[in-house]
2 protein chains.
Amino acid sequence: MPFPSSAPSHTACTGAMRSVRDSLDLLGGKWKLPIIVGLSGGPQRFKQLQREVAGITAKMLSKELKELEINGLISRHVQADAAPVAVTYTLAAYGHTLFPVIEALHQWGQLHRAHIMHAGEVVAA
Amino acid sequence: MPFPSSAPSHTACTGAMRSVRDSLDLLGGKWKLPIIVGLSGGPQRFKQLQREVAGITAKMLSKELKELEINGLISRHVQADAAPVAVTYTLAAYGHTLFPVIEALHQWGQLHRAHIMHAGEVVAA
DNA sequence: CCGTATCCTCATCGATACTG
DNA sequence: CAGTATCGATGAGGATACGG
């Protein structure tokens, strides 16, 4: 069944393609979603976040956070009064709209892992 | 709320992160999902598929199809008897398990487009 | 029609060193 | 702690030409 599921014609998926590509453009790359996941449990400081998103370098984390903030998915708060300056990143309300996407990816990742384990089995959705 | 949603502890998202990364590794890149979408309406010949997935080159389509087939998401059928050889690609049963993922991406893509209209800012397309 | 071979460019990402 | 600057490797992806 093409997307959207109630589509009438053979060229139905054209519209869905554009949306999917849009999402991919914004969320694609290695780190965007993992960072969102890392923030899904609550606000995090830069260093904490780097520890949570295993393997990411400070450079990449900084760059990705900037892009995510520009797109309104997260927000950045600075506590300038402390001696070692504290910066906190928070998942914005708009960022929470990504949960269905992440959930779907999470589910499928688990399914695929199971699928690889016993490669002979047929998988149920 | 961290993933999975019923998680108990502060380190809850670690598990979800792995699954999401797994999916991203397999489905990431510019063309994998668009190709799946292109096949979601039914079997397609190579050239038809290339027309449907706007902008893809024969080289990329060939390469991506190979990877998708290796991962069991699509299947390839050759009709050798015809004069111009006919090759047909079909979304495998396992490929259908990606529908929730694509649907989520599709929905969010639309949401984001509306979000941009509304906000009047952010991101040049 | 269905690809493959070759060459090329450019973005992505990592490592390291450094600053406020 | 919270980043930035610089360099370099890698490979994804595109253009073109050609083969089965």
Side-chain angles (χ1 to χ4, degrees), chain A residues 17 20-39 42-71 74-91, chain B residues 17 20-39 42-71 74-90 123-125:
Chain A
M17 206 107 103
V20 172
R21 292 286 297 272
D22 284 350
S23 302
L24 253 27
D25 286 346
L26 238 131
L27 308 171
K30 199 170 176 180
W31 301 114
K32 297 264 164 51
L33 266 340
I35 289 173
I36 299 283
V37 172
L39 286 175
Q44 297 270 3
R45 307 257 303 256
F46 187 88
K47 201 72 178 183
Q48 294 174 329
L49 197 48
Q50 187 176 4
R51 266 187 292 268
E52 190 131 358
V53 182
I56 196 171
T57 61
K59 172 192 164 186
M60 286 311 294
L61 183 56
S62 175
K63 179 193 155 210
E64 301 285 68
L65 285 171
K66 230 171 271 177
E67 296 179 21
L68 290 173
E69 194 192 2
I70 287 174
N71 284 293
I74 66 173
S75 57
R76 181 178 184 271
H77 306 277
V78 185
Q79 221 97 2
D81 51 351
V85 188
V87 180
T88 307
Y89 293 91
T90 310
L91 197 58
Chain B
M17 207 108 103
V20 172
R21 292 286 298 271
D22 285 351
S23 302
L24 254 28
D25 287 345
L26 238 133
L27 308 171
K30 199 170 174 179
W31 300 114
K32 297 266 165 48
L33 266 340
I35 290 173
I36 300 282
V37 172
L39 286 175
Q44 298 271 3
R45 306 258 302 258
F46 187 89
K47 201 72 179 185
Q48 293 175 329
L49 197 48
Q50 187 177 0
R51 267 188 291 269
E52 190 133 356
V53 182
I56 196 171
T57 61
K59 172 192 165 186
M60 286 311 294
L61 183 55
S62 175
K63 180 193 155 209
E64 302 286 67
L65 284 171
K66 229 171 271 176
E67 295 179 20
L68 290 173
E69 194 192 0
I70 287 174
N71 283 293
I74 66 173
S75 57
R76 182 178 184 269
H77 305 277
V78 184
Q79 221 97 2
D81 51 352
V85 188
V87 181
T88 307
Y89 294 90
T90 310
V123 166

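Below, chain A is the first sequence line, B the second, and so on; all start at residue 1.
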Identify all side-chain donor-acceptor contacts of residues 57-67 of chain B below 3.5 Å with residues at least two apart in sequence or on another chain.
| residue | atom | partner | partner atom | Å |
| --- | --- | --- | --- | --- |
| B/Thr57 | OG1 | B/Met60 | N | 3.3 |
| B/Glu67 | OE1 | B/Lys32 | NZ | 2.9 |

Considering non-hydrogen atoms only, spot the tightest contact between [X] and [Y] and give its length.
X       : Y       : value
A/Met17 : B/Val37 : SD-CG1, 3.7 Å
A/Arg21 : B/Pro34 : CD-CG, 3.3 Å
A/Leu39 : A/Tyr89 : CD2-O, 3.3 Å

In whole angstrom, what separates [X]'s [atom1] from [N]'s [atom2]?
X       : N      : atom1 : atom2 : answer
B/Asp25 : C/dC13 : CG    : C1'   : 14 Å
B/Leu26 : D/dA12 : CG    : P     : 13 Å
A/Glu69 : D/dA2  : CD    : P     : 15 Å
A/Met60 : D/dT10 : CE    : C1'   : 14 Å
A/Leu24 : C/dT12 : CG    : P     : 14 Å
A/Ile56 : C/dT12 : CD1   : C1'   : 12 Å
B/Gln48 : C/dC2  : CD    : C1'   : 13 Å
B/Gln50 : C/dC2  : CD    : P     : 10 Å

State, with a plain yes or no, whether a side-chain heavy atom of A/Thr90 is found less than 4.5 Å away from one of A/His77.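 A/Thr90 vs A/His77: side chains touch.
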Measuring only between side-chain heavy atoms, which start at C-beta, is B/Leu24 closer than 4.5 Å to A/Lys30?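 Counting from C-beta outward, B/Leu24 and A/Lys30 never come under 4.5 Å.
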Phosphate-side-chain proximity, A/Lys47 and D/dG3, N/O vs OP1/OP2 below 4.0 Å: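 No, outside the criterion.
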Any B/Arg45 side-chain nitrogen or oxygen under 4.0 Å from OP1 or OP2 of C/dC2: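 Checking B/Arg45 against C/dC2: at least one side-chain N or O falls below 4.0 Å of OP1 or OP2.
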Anything under 3.5 Å between a protein N or O and an N or O of nucleotides 3-5 of chain C, put it in a table, one pair a line.
| residue | atom | partner | partner atom | Å |
| --- | --- | --- | --- | --- |
| C/dG3 | OP1 | B/Arg76 | NH2 | 2.4 |
| C/dG3 | OP2 | B/Tyr89 | OH | 2.7 |
| C/dT4 | OP1 | B/Lys66 | NZ | 2.9 |
| C/dT4 | OP2 | B/Ser62 | OG | 2.2 |

Pairing residues for [X] by the side-chain hydrogen bond (donor to acceptor under 3.5 Å, both in side chains) criterion, not counting sequence neighbours:
X       : result
B/Thr88 : none
A/Arg45 : none
B/Arg51 : none

If you fit an axis to the five pairs at each end of the helix from C/dG3-D/dC18 to C/dG20-D/dC1, how big is the angle between those two axes, to 10 degrees?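 So the angle between the two local helix axes works out to 40°.
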Return whichever of A/Thr57 or B/Val85 has its heavy-atom-nearest nucleotide of DNA chain C closer to the 5' end.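 Its nearest nucleotide being more 5', the pick is B/Val85.
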